[in-house]
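Each chain gets a letter, A, B and so on, in the order its sequence line appears, and its residues count up from 1. Everything numeric in this text was worked out from a predicted model, so none of it was measured.
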Amino acid sequence: MAKMSLNVDGRVHAIDADGDMPLLYALRDDLGLKNPRFGCGLAQCGACTVLVDGEPVRSCITPVESLGASKVTTLAGLGNGKAHKIQEAFIAEEVPQCGYCLNGWLMTAAAFLEKTPKPSDAQIRDAMSGLKCRCGTHVAILRAIKRAAQA
Amino acid sequence: MTLQLNRRNFLASTGALTVAVVLPGAAARAAVFGADKRPPLDPRNLSSYITVNADGSVIAYWGKMDMGQGTDLGCAQMVAEELDLPVAKVSIDQGDSGTSVNQGGASGSTGIQMGGVALASAAAEARFQLVAMASKHLGVPAEELTVTDGVVHSRADANKKVSYGELIGGRFFDTQLEWNKQIGNALFVKGQGQRKKPADYKVIGTSPARRDVGPKVMGTIDYVVDIKVPGMVHARVIRPPVAGAEPVTVDEASVKNIPGVQIVREKAFLAVLAPREYDAVKAARDLKVTWSDVKPPFPDQNKLYDHIRNAPVVAKGGDKDVGDVDATFAGAARVIEATYEWPFQSHASMGPACAVIEMGQGEATLYTGSQKPHFAGEGAAVMLNLPKDKVRGIWVPGPGSYGRNDAGDAVADAALIARLTGKSVRVIGTRQDGTGWDPKGPASVHKARAAVDKDGNIIAWDFSSKGFSRLDVSSNESAAADTLAGQAIGVPLKPTNVFNTPEESYRFTAKRKTWETVPPLLDRGSPLRGAHLRDPLGPQLHFASESFIDEIAFATNQDPVAFRLKHLAEPRDIAVVKAAAEKADWQPRTSARKQVSGEIARGQGIAYAQRSGTRSAIVAEVEVNLKTGKVWGRKFTVAHDCGVIINPRQLTATIEGNVVQGMSRAIWEEVKFDDKNVTSIDWQTYPILDMTEAPETIDVVLINRPELAPSGAGESSMRPLAAAVANAIYDATGLRLRQAPFTPDRLKAGLA
Ligand code: FES
Ligand code: FES
C-alpha cells in the first residue's frame, strides 16, 4: 500500500492503495464514483472508460500509480455539472437499454468529437469500434453521436 | 410521486410496505375512503397493484421489471389510460418483492402482454371504485360521472367534482379482486370495472419520454454494482479449471498477506472474501487450489452435432400431425431434405453478474439484476436457510440480460457466502463468469423434409429438432438445483427436458413438427447447461425452418415471398410478409440473383415467424465480401404486429435492439469449448457485432391492431433474423449456409 493523490473531476483526493491496483477500483471503492463500471477488466469493452488529460483510457487496466498529476475525468465530471452535449444527444435519442455500457460510449464519443467535430459516418464507426453494447443499441448510438456533432 | 426507499434501513418484513405521501392540507381532503394502512400484499387486494398519493398521482406496483425496452413506461401508459390520468401522474414501482406481488419478473416478453394487462385491469377497477366513491361524496349517480385528468365530475355540471387525491389520496383501496390463482407471468386479476374501448384511447399508442434514460445517461442511477450496505464484504467465487472438478486442497498461506481475507468452502463451493474489493480480486487470483482429477467432460467441438445426433433421447414431443404425413411422403414425386445446426450461445452480458445480500436478524434483503427478483429472493432464502418470506428480493438494474443469465448464479453465490459467514456480502464475477460460466442457449440440429408432387407443389412438411434442453436450469431461480452454488453443495441438477417447434401458419396437406432432447453434457456445475437466452430456441428453430422454406421455394421454381404468401394460412402472417416485402422493395426471383460488383456480392432475403401471438417478417439486405468472407447486414426491414401498440417509439427501439443482437448471433456467436471447459471467456474469444458492422438502416413497419390485446415484442424479431440473413447470403452468393454462425471462415470455405 502506498499513499497517492488522484486528481479526479477537478478535485484532488488522497488514497492509500497498492500502486498496481487498477484505477477503476480507486474510483469506485476509494472515491465512491460509480460511472466507470467493470465490464471485462481486460480493456476489451470500454465500460470502465475515463478521460486522462482528455484521452479516453480504460481504467480497468490502468495502474493507479501511473497517473501522477494527470487529470482524470469521469462521466460525473464530463459536463461540469450540466449535461454535456453528448449526454443531451443520448437522452434525445433515448439510446440506452440497460445502459451498463453507456459510460464507455459517452466518454469515448465526447473525446472523439473534441478532436473530430464534424465526423463522417465511417469515422464514427471506426472510432467506436472498440466498444461493446450487448443490448444492441448501436443504431441509436450512431444517431446520437451524429446529433451531438450537429449540436 | 414515488418515495425513494432507504435501502439501507429497510429489511424485509412480512407486512407490506407503506408508501403513503401525506401532503399539507390533507386534513382538508373532501372525503375519506379506503383504509389507513396498505392492506397486506396479496394478489387479491387492489392495493397490491394501485395506490393513490395525496396529490392524486398514482403508483402502480409491477411484479415484473423493465430492462431498457420501455415496458415499465408502457405499463404506466396502460394504467394512466384506465384511470384517465396524464401518464406523468403514474409511476411504476417495479421488481420488488416487498412492494409488488410476484408477476414472474421479466420473462418471455410478457411485460405488457401479461403484466401490463393485469395492471390495466386492476386500474380499471380502481377507476370504478373511485367513481363510486365520488358518487357518494357528490351525491351524483355514478352513470352521470366521468373523469378528466384524475378529477371525477358530473357530465352535466362541471362544478360538481372531486379529485382522486381528495377521495383517497394517501390512503388505500380495501377492495378485493377476482384472482385467477396464478403466481408469475399468468397472474391476472379483475374487478367490476370495465377496460376502456380502443376508440377512447388517449395515452395508449403515444410515445412519452422514458424515465430511466436521463438517469442512465447522466450516470445518477444505481446499478447492482453500486449498492453498498453496512458491513458488506466483497466476495469472488472460484470456479474449477476443468468443468466438474472439485477443490481438494486450498492453500490458505497463498493469500495470507492480503488484509482481512477469508476463504469459505462447502463441498465443491469455494470463495474468497475481503473488506476491500481489490483485495478480493487479488485473493481470487492468488489462491492456490488443487482440484480433483476428473475425466474431461466435453466432446470434441467439431463433433458436437454428431454427438447430438447420436445421443440418447431423454424426452420428445411435438405438435399434432396434420393429415397423413407418412402416406403423403410415400406418395411424393420427390422429397427435399436438409439439416441445419446451431451452436451454444452465451448471454455474454455487458458485465458479469453482481448480487448483494444484506443480512438482518432472521431476515435478509437481496439486491439483484436478476429478471426474477421475487423468485430469486426465494432462492436466496433456500441458500440462507430462512423462510422464503423473510428475504426481500429487490431488482436493481444490472447489465442487460436476455433470459436466464449469470445473475441467478450470483444470487445463490452471495446467499451461500452470507450464510457461511453471517456477513452481508457483495459478489461479482469476472468476464469469464459472464461468458464462460453463464447458462447457455442450447445447441441443436434440425432436420427438414418436404414432399413435392408431380406438378411441383409442396404437399407435406416434416420438421424435427434434436438438441439440449432449454431448461437444464430453470429461469425461475427459486430452487438451489438451478444454480451453480446449489449444484456445488450437492443439490442434483433437475433438468426439465423441453424443446420447441417452429411457430408459423404454413398450410400443407400433411405436416409434422417434432422434437427430442438429449442429456446435458455434464450433470453438475456445467458451463454448457442449457437455459433461456432471448427467444429461447426461436433463432435456432426458425433459422432452420425459414431457411428450408426458401430452399423448397427455389427447388420448385417459386419466389420466396410468393411461396410464403401462397402457403400462409393466417391473415396477420400474410400481412407482415407483404408489408416487409413491399417496404423493402422486394425483387421476385426463383433462384439466387448473385449481384456482384468487385469483391462485394449483394443479396436480399426474407423470413417470418410467429411468437406467442406476435408476428414479424424481416427482409435482410446483406453485402458479402467474397474475398474476406465477411457479411454486413446493411439494411433490415421489419414488419411487426403485436396487437395493439402501446408505445410505438419503444417498440421500434426494441426491434432495433433485436435486429442488432440477432445479427450478432447470426454471424459471430458460437461458444467454443475444449474437452475440459468452455474456452469462450471474453470478448476476444466470444466476439459480438461491433460498431463498424452495425446496420446502416433498420426500417420498422408497425402494424397496429387496436382491437387486439397486446402481445410480446421483446424477442419476436430476434426469431426470424438469422434465417433472413442466411437467405440473403444465398441470394448474394448461391451459398446455402446450414450451420450458424455465418463467420468469415465458414463463408470462405463455402465459397471456395
Ligand atoms: S472493463 Fe475496462 S475495458 Fe472492459
Ligand atoms: S444498453 Fe445494455 S449493453 Fe448497451
Side-chain angles (χ1 to χ4, degrees), chain A residues 1 17-18 21-22 24-26 28-30 32-35 37-42 44-45 47 74-76 78-79 83 86-91 93-103 105-106 121-122 124-142, chain B residues 67-70 209-210 212-214 216-223 225-226 228 234 276-278 281-282 347-352 369 397-402 428 430-431 434 649-650 653-654 656-664 682-684 688-698:
Chain A
M1 303 275 271
D18 291 350
M21 179 174 85
L24 176 65
Y25 295 99
R28 290 190 60 86
D29 299 334
D30 295 317
L33 294 167
K34 56 192 188 179
N35 291 305
R37 281 185 276 276
F38 182 90
C40 65
L42 304 163
Q44 294 175 358
C45 76
T74 73
L75 186 65
L78 188 64
I86 193 71
Q87 289 172 307
E88 282 174 351
F90 270 59
I91 290 170
E93 293 293 342
E94 293 198 331
V95 167
Q97 284 198 24
C98 76
Y100 198 87
C101 64
L102 266 185
N103 176 70
W105 294 97
L106 291 165
D121 178 75
I124 300 174
R125 287 169 181 263
D126 244 31
M128 300 292 129
S129 64
L131 296 161
K132 308 289 177 211
C133 172
R134 184 52 166 155
C135 297
T137 67
H138 299 60
V139 291
I141 292 171
L142 275 176
Chain B
M67 313 194 76
Q69 297 182 323
R210 240 169 71 197
D212 58 322
V213 167
K216 282 175 178 169
V217 173
M218 296 310 293
T220 54
I221 70 160
D222 279 349
Y223 285 84
V225 289
D226 302 319
K228 293 190 166 85
H234 293 272
R276 276 172 63 90
E277 181 166 19
Y278 188 59
V281 172
K282 285 197 295 189
H347 290 79
S349 290
M350 191 64 206
S401 65
Y402 318 98
I428 183 172
T430 59
R431 185 64 255 159
R649 181 170 187 184
Q650 296 316 318
T654 296
E656 286 179 353
N658 270 284
V659 167
V660 172
Q661 198 185 62
M663 186 63 188
S664 178
D682 58 19
W683 298 114
Q684 304 277 348
I688 63 170
L689 203 79
D690 75 28
M691 192 51 117
T692 62
E693 304 160 320
E696 194 172 79
T697 312
I698 302 174

Atom pairs and distances, donor-acceptor, side-chain atoms in residues 96-103 of chain A, under 3.5 Å, two or more places apart:
residue : atom : partner : partner atom : Å
A/Y100  : OH   : A/F38   : O            : 2.8
A/N103  : ND2  : A/A47   : O            : 2.9
A/N103  : ND2  : A/T49   : O            : 3.0

Is chain B contacted by the side chain of [X], its backbone, both, or neither, given a heavy-atom distance below 4.5 Å?
X      : result
A/A76  : neither
A/D18  : side chain
A/L142 : both
A/Y25  : side chain

Largest heavy-atom contact set with chain B, pairs under 4.5 Å, which of [options]:
options                    : result
A/R134, A/E88, A/Q44       : A/R134
A/I91, A/L42, A/L78, A/L33 : A/I91
A/K132, A/H138, A/R125     : A/R125
A/C135, A/S129, A/A127     : A/C135

To the closest 0.5 Å, what do you measure between [atom1] ([X]) and [atom2] ([Y])?
X      : Y      : atom1 : atom2 : answer
B/M67  : B/D212 : CE    : CG    : 11.5 Å
B/I428 : B/H234 : CD1   : NE2   : 10.0 Å
B/Y278 : A/L24  : OH    : CG    : 11.0 Å

(message) Counting heavy-atom pairs closer than 4.5 Å to chain A, which one of B/G434, B/P352, B/P397 comes out on top?
(response) B/P352
(request) Considering only heavy atoms and a distance below 4.5 Å, find which of B/T220, B/V225, B/I698 pairs most often with chain A. (result) B/V225
(request) Mind listing the closest non-hydrogen atom pair of B/P695 and A/V139 along with its distance? (result) O-CG1, 3.7 Å
(message) Holding to side chain to side chain contact (heavy atoms under 4.5 Å, CB included), I want the full list of residues that pass it with B/T654, two or more places apart in sequence or in another chain.
(response) B/Q69, B/N658
(message) Which atoms of B/Q650 are under 4.5 Å from chain A, going by heavy atoms: the side chain, the backbone, both sets, or neither?
(response) side chain
(message) Any salt bridge linking B/R276 with A/D29? Criterion: basic side-chain nitrogen under 4.0 Å from a carboxylate oxygen.
(response) no
